[in-house]
Every structure is written in structure tokens, then in C-alpha cells.
Amino acid sequence: MSFYITTPIYYTNDVPHIGHAYTTIACDILARYNKLLGKEVYFLTGTDEHGQKVEKSAKDANVNPKEFVDKLSINFKKLVLDLDCEIDDFIRTTEPRHIKAAQFLWNKLLENDQIYLSNYEGWYSIRDEAFYLENELTKVDGKFKTKSGSSVEWVKEESYFFKLSKWEDKLIQFYENNPDAISPKTRYNEVLSFIKGGLKDLSISRTTFEWGVKVPNNNKHVMYVWIDALCNYLTSIGYPDINNDKFIKFWPAIHIVGKDILRFHAVFWPAFLMAADIDPPKKIYAHGWWTNEGQKISKSIGNVIDPYEIINEFGLDQFRYFLFREVPFGNDGDFSKKSIANRVNADLSNNFGNLVQRISTFIVKNCNSSINPTNNLNNDDKELIKNLDKKFNDYKNYMNNQQIDKSIKSVMELLSLTNVYVDEQAPWSLKKTDKERMQVVLFVVVNIIIKSSIMLFPIIPKSTKKILSMFNMDINNINFNKFDLLISKNIIIDSPSPIFPRIL
RNA sequence: GGCGGAGUAGCUCAGUUGGUCAGAGCGCACGGCUCAUAUUCGUGAUGUCGGGGGUUCAAAUCCCUCCUCCGCUACCA
């Protein structure tokens with residue numbers, strides 16, 4: 001079994017922000033989870049480095065575009081590592097392998113009679129670098145203006161077109177047969193209604209700038225961003241060699257994207273692929289956006305969230321945990337210092353961390369730091385183990401559908417039940433009355449701590465590794481294959497220290 | 001305008017086919033324990049389930065209508 005997951009490639013026109021971190025961590029969580037399942041995982045991210053904006057920014061900065069993107073791309077690559085994300089490849093669209101792949105894809109589309117040369121005409125705003133439809137414009141003094149007041153002019157530009165209109169029925173059919181191919185459900189509905197509203201052929205080349213992948217045999221044109229950029233998902237696994245091991249093993253991919261670029265991934269991209277005789281993606285998952293302390297994030301307001309700032313203040317795992325526990329994956333969320341502090345304290349410090357701490361120190365003090373396996377379970381113990389089993393299944397079901405928040409919640413519920421169990425069994429009382437029974441209770445709880453740590457490993461890898469090594473588990477070999485509900489070996493505990501300090 | 005989603009405790013939200021569905025977490029109040037990172041456990045309070053009307057023995061759950069919010073309605077990415 002294999003699992004291929006991608007982030008969008010990030011545009012090298014600015015420094016990374018919370019949105020980039022969010023998408024990348026989402027993929028990392030799903031990648032790590034699938035590794036725990038024993039699947040062969042391929043996790044791809046990278047940078048999208050072409051286009052008019054980059055060309056212009058580079059010019060403004062008085063450097064050539066390649067130098068410009070070299071610098072910016074590094075920031076994104078660094079962020080991936082600093083977020084503790086285990087990628088398998090970092091692709092850049094300026095790499096020769098990608099240019100080769102994109103041009104091959106183009107030629108394939110040409111060969112399959114999916115591309116023709118014509119003219120793109122419309123009202124164009126130089127200031128906005130965008131075309132407008134007439135119904136988007138208002139007439140001021142006999143001249144059309146955009147809502148923002150920019151003037152527009154009628155522009156006619158030679159362009160290659162992709163025969164998107166031909167794919168309308170096939171896309172509808174594909175999505176009706178694969179209702180899970182777009183998530184969440186509301187996004188699926190949106191895309192389907194968009195397609196049903198009719199598809200026009202798509203302009204897929206530009207002549208107004210040069211910084212892009214050249215159209216084969218016509219150097220006047222560079223490829224439209226979405227042919228160039230989306231092709232990266234193929235490039236990384238060896239396209240155009242579709243018979244190589246990687247391609248065979250991993251395609252089709254699951255694409256995690258922001259809701260703003262859903263259409264490109266869910267309409268254009270599958271059409272390009274089918275037109276080039278390649279299977280459409282397995283799934284496209286659109287996530288939401290973050291606000292900052294209740295406010296929409298924008299550069300002009302100046303409230304862009306720098307991931308490094310959050311990590312430095314709250315910790316990396318705390319940040320990762322908050323992003324995916326706080327908000328249903330797919331919804332918008334609000335980031336605030338108060339909510340991350342509350343969330344981390346309630347779930348990680350108090351519920352999980354304190355359970356680990358109270359049990360581990362108890363074992364160190366009262367059991368000579370060691371706990372032995374046993375099968376001598378009473379009904380209370382069996383009940384809790386049954387809950388472990390149930391929550392583990394819930395957790396997997398949710399993760400399999402990218403419902404990361406719900407899967408985390410399942411583990412938290414298990415940990416709450418365990419805290420209740422500890423209070424009810426009261427090992428500190430058993431210490432005086434029934435030492436044997438006390439050992440059993442501790443053994444049951446240790447099992448839950450270890451299993452919960454493994455379940456949470458994809459979300460908070462560094463902290464859970466600390467916990468697992470505190471219990472002397474083999475942290476280089478964590479997976480679900482050996483996930484027996486009860487551990488069969490003696491557990492020795494190293495001197496415990498709080499893993500999740502409370503945030504004040 | 002069209003299509004779609006949503007309005008349930010202070011906050012974030014669960015509520016399958018109408019009949020323990022009035023709930024959870026956080027927050028708050030009180031109490032217990034003291035193994036633990038002043039942590040944990042228990043108990044409790046607050047809601048005309050957006051408004052109005054209707055169907056039914058019975059509706060947050062079905063129908064009608066109104067109000068509010070959000071998303072999509074193609075070529076910057």
C-alpha cells in the first residue's frame with residue numbers, strides 16, 4: 001500500500017506565513033499517520049517560481065529572476081524542516097527536471113489534440129494584471145472601470161487554449177462516481193455546480209512576460225501557471241517516465257490545498273490529466289483560512305502571522321497541536337494567543353501531560369521505576385481497555401478521512417477516561433492495602449499512555465517521542481502493526497519531567 | 001440575482017431515519033482527593049434549539065414564510 005500526499009507549491013513572492021505552515025503540517029500529519037499504518041509514503045512540497053509577479057519583483061529588486069527565487073525558495077524549504085515535517089522531495093518549478101516534465105505534458109496535450117492556438121480578448125487592467133468581464137465593470141464617463149477604480153483597455157492577445165469544454169461531461173461523470181474525490185462535502189458541491197454551469201476553453205499561455213516555462217516550438221509563449229505549477233506533482237515522481245517505480249507506486253496523489261485554489265486543482269487539473277492519459281487525483285482536500293485575533297489577515301493591515309514567532313513563544317508541538325485540534329479541518333479558524341494557551345493547557349498540560357506525570361512519578365517512587373505485564377485484569381480494567389480499542393478505531397476512521405480534529409479528540413476522550421480511572425482506582429490507596437492490584441492499575445494506565453503517545457505522534461512528534469523514550473520504548477520503530485492493546489514486556493521508567501509546561 | 005451551507009448554553013460546537021434530543025468541551029460556582037505541571041475527580045447553573053405559522057399524540061429534527069451570516073458564481077496566485 002502506498003500513500004502520496006502533496007502541498008500546493010508555494011509562490012516565491014514573499015516570506016512564508018501561517019497558511020503555508022498549516023498546509024504543510026496537515027500533510028505531515030497525514031503522511032506520518034500513514035507511515036504508522038505501514039504504508040509506503042511519499043510527501044511532496046516545493047515552490048512555484050514563475051510568473052509575472054516574480055518577474056516584476058525581481059526587476060524591482062534589481063536582480064535576475066532566478067537569483068530572486070533562489071533566495072525566497074530557501075525560506076520555504078527551511079520552514080518545512082523547522083516545522084518538523086518529513087518530506088520526501090522539495091520541488092522547484094525552475095528545476096530542469098520540472099521544465100522537461102511540463103514541456104512533455106504540453107506536447108502530450110498537443111499530440112492528443114487538446115490544445116489550439118487562438119486569441120484571448122477582453123478588458124484588461126494593467127494595474128491589476130487581470131482580465132475582467134464586462135459585468136464586473138462600471139462605466140464612468142463613458143469608460144469602463146473596475147470596482148477598485150482601475151482603468152481597463154480592450155486587449156487581444158495570441159494564446160494557446162486547452163479544450164476544457166470537451167471535458168465537462170467527463171468531469172461530472174468522474175465526480176459523480178467518486179463523491180469522495182473532493183472534501184469537505186460543501187466543496188464537492190461547489191465544484192460540481194461550477195462544472196455543471198458550463199466550462200469554457202482555457203487560455204493556457206501568455207505572451208506578456210517571459211519568466212516561465214517556454215511553450216515548446218514557440219518561444220513567444222510561456223505556459224500558463226496552472227499547467228506549469230500543477231505539473232510538479234507529476235515531475236517529482238519521475239514524469240514523463242510513467243513506467244518508473246515511483247510513478248507506478250504513488251500516482252494518483254492526494255492534494256491538500258487551500259480553498260482559494262480548489263478550482264484549479266479540482267477542475268483544470270483533472271481535465272489536464274485525463275487529456276494527457278493520466279489518472280485524475282485520488283482526492284483533493286480543501287482546507288480553510290486563519291484569522292488573527294478575530295481579524296482577517298492581510299499584508300495591508302500588517303497582521304500576518306509569522307510561524308516562527310508562534311513557535312518561539314509557544315513551542316512547535318504546541319503550535320501543531322493547536323492548528324489541528326482547535327478547528328475542524330476544512331473550516332476557517334481563528335488564531336489567538338489566548339486560545340492557543342487555553343487549548344494547550346487544557347489538553348496537553350492538564351489532561352495528557354499531567355496523566356503522564358502523575359503515573360510516571362508514582363511508578364518511580366513506589367515501584368522502583370519498573371512495571372511488569374499482567375493479564376490479571378478486573379472488569380474496570382477491561383472496560384478501560386475496551387475504550388482504548390474503541391477510541392483507537394475512531395481515531396483511525398477519522399484520520400482516514402482527513403478529519404484530524406476529530407481523531408485528536410478521540411485520543412483526548414480516552415485520556416480523560418483514563419484520568420477518571422486513575423482517580424477511581426486510586427493507586428495511592430492501593431499502595432497501603434493491595435500492592436499487587438496497584439501494579440495492575442499502573443500497568444493498564446502505562447499501556448494507555450504509550451498507545452496514546454503513538455496515536456498522537458503524527459501531530460506532536462517531538463513530545464510524544466520524549467514520552468515514549470521516557471518509558472523506554474523503541475522510538476525509531478513506532479507503528480501500528482505492533483499495536484497490541486497490552487504491552488508484553490517489562491517497562492522501565494526514566495526520571496520523569498513535565499513534557500508540556502503550562503502556558504501562563 | 002442564481003446555486004449551496006449555516007443560525008442550539010458566555011465561547012466553540014454534537015445532535016443519524018421526528019418520540020430519555022435538550023447535549024459535549026472550554027469557561028463559571030461549589031465540593032472531594034492530595035499520586036500529579038495549583039494539576040485531577042465529582043456536583044451544579046445558564047438555553048422560549050434565529051422569528052412567525054403549520055403537520056403530528058409527539059419537532060431542534062418534517063412543511064411554509066420571514067430575518068441574519070457565510071461560501072461558490074472561471075483565467076493574479
Side-chain angles (χ1 to χ4, degrees), chain A residues 8-14 48 50-54 56 120 122 124-125 127-133 135-136 159 161-162 164 184-206 224-227 229 258-264 267-268 286 288-289 325-328 331-334 336 338-339 342-343 345-366 405-406 409 412-413 415-416 418-431 438 441-442 445 496-504:
Chain A
I9 45 175
Y10 303 122
Y11 200 54
T12 46
N13 196 36
D14 208 349
D48 172 19
H50 290 129
Q52 194 165 25
K53 274 189 188 166
V54 163
K56 190 164 177 293
Y120 189 84
Y124 184 78
S125 158
R127 193 165 95 190
D128 302 352
E129 293 169 10
F131 281 93
Y132 288 89
L133 294 173
N135 62 19
E136 292 175 300
S159 173
F161 282 81
F162 172 70
L164 183 63
K185 203 73 202 165
T186 63
R187 300 298 169 195
Y188 172 87
N189 294 336
E190 279 176 16
V191 169
L192 206 57
S193 82
F194 176 82
I195 298 170
K196 284 179 175 169
L199 297 178
K200 292 189 294 194
D201 288 352
L202 185 70
S203 161
I204 52 164
S205 73
R206 295 289 185 270
Y224 170 55
V225 55
W226 292 111
I227 296 256
K259 62 183 183 181
D260 51 326
I261 54 172
L262 175 61
R263 183 192 310 140
F264 307 106
V267 181
F268 303 166
W289 288 349
R325 170 64 181 86
E326 185 73 2
V327 170
N331 287 15
D332 289 349
D334 181 51
S336 75
K338 193 176 169 206
S339 51
N342 283 347
R343 182 55 76 186
N345 284 342
D347 287 6
L348 294 182
S349 305
N350 297 351
N351 194 11
F352 187 28
N354 184 56
L355 177 69
V356 173
Q357 186 68 5
R358 72 200 295 211
I359 289 303
S360 52
T361 54
F362 192 92
I363 293 171
V364 168
K365 283 181 192 163
N366 300 294
D405 60 299
K406 288 210 175 79
K409 213 169 156 190
M412 280 302 136
E413 284 162 1
L415 291 166
S416 293
T418 308
N419 269 317
V420 173
Y421 168 90
V422 171
D423 268 60
E424 284 171 355
Q425 302 302 321
W428 48 91
S429 301
L430 293 170
K431 179 170 77 175
M438 176 190 82
V441 169
L442 295 172
V445 176
S497 65
I499 305 292
F500 306 104
R502 287 177 59 82
I503 296 166
L504 302 174

Original post:
With nearest nucleotides of RNA chain B determined for A/P328 and A/F362 from heavy-atom distances, which residue corresponds to the more 5′ nucleotide?
Top reply: A/P328
Original post:
Which sits closer to the 5' end of RNA chain B, A/K259 or A/N350, going by the nucleotide each is nearest to?
Top reply: A/N350
Describe the nucleic acid contact of [X] in one word from base, sugar-phosphate, nothing, applying a heavy-atom distance below 4.0 Å.
{"X": "A/G198", "result": "base"}
{"X": "A/L199", "result": "base"}
{"X": "A/L164", "result": "base"}
{"X": "A/S349", "result": "base"}
{"X": "A/G353", "result": "base"}
{"X": "A/I499", "result": "base"}
{"X": "A/N366", "result": "nothing"}
{"X": "A/R343", "result": "nothing"}

From C-beta outward on [X], which listed nucleotide comes closest to its side chain: [options]?
{"X": "A/R206", "options": "B/G71, B/C75, B/U37", "answer": "B/C75"}
{"X": "A/D48", "options": "B/U37, B/A77, B/A74", "answer": "B/A77"}
{"X": "A/D423", "options": "B/A36, B/U40, B/C76", "answer": "B/U40"}
{"X": "A/V225", "options": "B/C41, B/C75, B/A77", "answer": "B/A77"}
{"X": "A/K53", "options": "B/C76, B/A74, B/C75", "answer": "B/C76"}
{"X": "A/V420", "options": "B/G71, B/G42, B/U37", "answer": "B/G42"}
{"X": "A/A346", "options": "B/C72, B/U37, B/C26", "answer": "B/C26"}
{"X": "A/W428", "options": "B/C33, B/C26, B/A77", "answer": "B/C33"}
{"X": "A/F264", "options": "B/A77, B/C75, B/G71", "answer": "B/A77"}

Original post:
Considering all heavy atoms of both residues, which atom of A/D48 and which atom of A/V225 are nearest to each other, and what is their separation?
Top reply: OD2-CG2, 3.7 Å
Who pairs with [N] - Watson-Crick or G-U, where each distance is under 3.5 Å:
{"N": "B/C3", "result": "B/G71"}
{"N": "B/A24", "result": "B/U12"}
{"N": "B/U43", "result": "B/A29"}
{"N": "B/A77", "result": "none"}
{"N": "B/U61", "result": "none"}

Whole-Å [atom1] distance, [N] and [M]:
{"N": "B/G52", "M": "B/U8", "atom1": "P", "value": "15 Å"}
{"N": "B/G7", "M": "B/U61", "atom1": "C1'", "value": "15 Å"}
{"N": "B/C21", "M": "B/A60", "atom1": "P", "value": "13 Å"}
{"N": "B/G42", "M": "B/C57", "atom1": "C1'", "value": "39 Å"}
{"N": "B/G50", "M": "B/A36", "atom1": "C1'", "value": "45 Å"}
{"N": "B/A9", "M": "B/G23", "atom1": "C1'", "value": "10 Å"}
{"N": "B/C26", "M": "B/A22", "atom1": "P", "value": "23 Å"}
{"N": "B/A58", "M": "B/G19", "atom1": "C1'", "value": "6 Å"}

For atom [atom1] of [X] and atom [atom2] of [N], their distance in whole Å:
{"X": "A/R358", "N": "B/A36", "atom1": "CZ", "atom2": "C1'", "answer": "6 Å"}
{"X": "A/F500", "N": "B/U37", "atom1": "CZ", "atom2": "P", "answer": "15 Å"}
{"X": "A/N189", "N": "B/A6", "atom1": "CG", "atom2": "P", "answer": "10 Å"}
{"X": "A/I195", "N": "B/A74", "atom1": "CD1", "atom2": "C1'", "answer": "12 Å"}
{"X": "A/L192", "N": "B/G4", "atom1": "CG", "atom2": "P", "answer": "12 Å"}
{"X": "A/L202", "N": "B/C75", "atom1": "CG", "atom2": "P", "answer": "10 Å"}
{"X": "A/D332", "N": "B/C72", "atom1": "CG", "atom2": "P", "answer": "10 Å"}
{"X": "A/N419", "N": "B/U34", "atom1": "CG", "atom2": "C1'", "answer": "14 Å"}

**OP:** Output yes when at least one side-chain N/O atom of A/K365 is less than 4.0 Å from OP1 or OP2 of B/A36, else no.
**Re:** yes
Original post:
Would you say A/R502 reaches B/U39's phosphate, i.e. side-chain N/O to OP1/OP2 under 4.0 Å?
Top reply: yes
**OP:** Apply ring pair (Phe, Tyr, Trp, His ring centres under 6.0 Å) to the pair A/W226 and A/F264, showing each step before the final yes or no.
**Re:** CA-CA 7 Å; A/W226 292 111; A/F264 307 106; 4.3 Å; yes
Original post:
Would a distance-only check, ignoring hydrogens and angles, find a side-chain to backbone donor-acceptor pair under 3.5 Å from A/D347 to A/M412?
Top reply: no
**OP:** Could you tell me whether the side chain of A/N331 and the main chain of A/G288 form a donor-acceptor pair under 3.5 Å?
**Re:** no
**OP:** Give me the ring orientation class for A/F352 and A/F500: parallel if the planes are under 30° apart, tilted from 30 to 60°, perpendicular past 60°.
**Re:** tilted
Do [X] and [Y] have side chains that get closer than 4.5 Å, going by heavy atoms?
{"X": "A/V327", "Y": "A/D405", "result": "no"}
{"X": "A/S205", "Y": "A/Y224", "result": "no"}
{"X": "A/V445", "Y": "A/L355", "result": "yes"}
{"X": "A/D260", "Y": "A/W289", "result": "yes"}

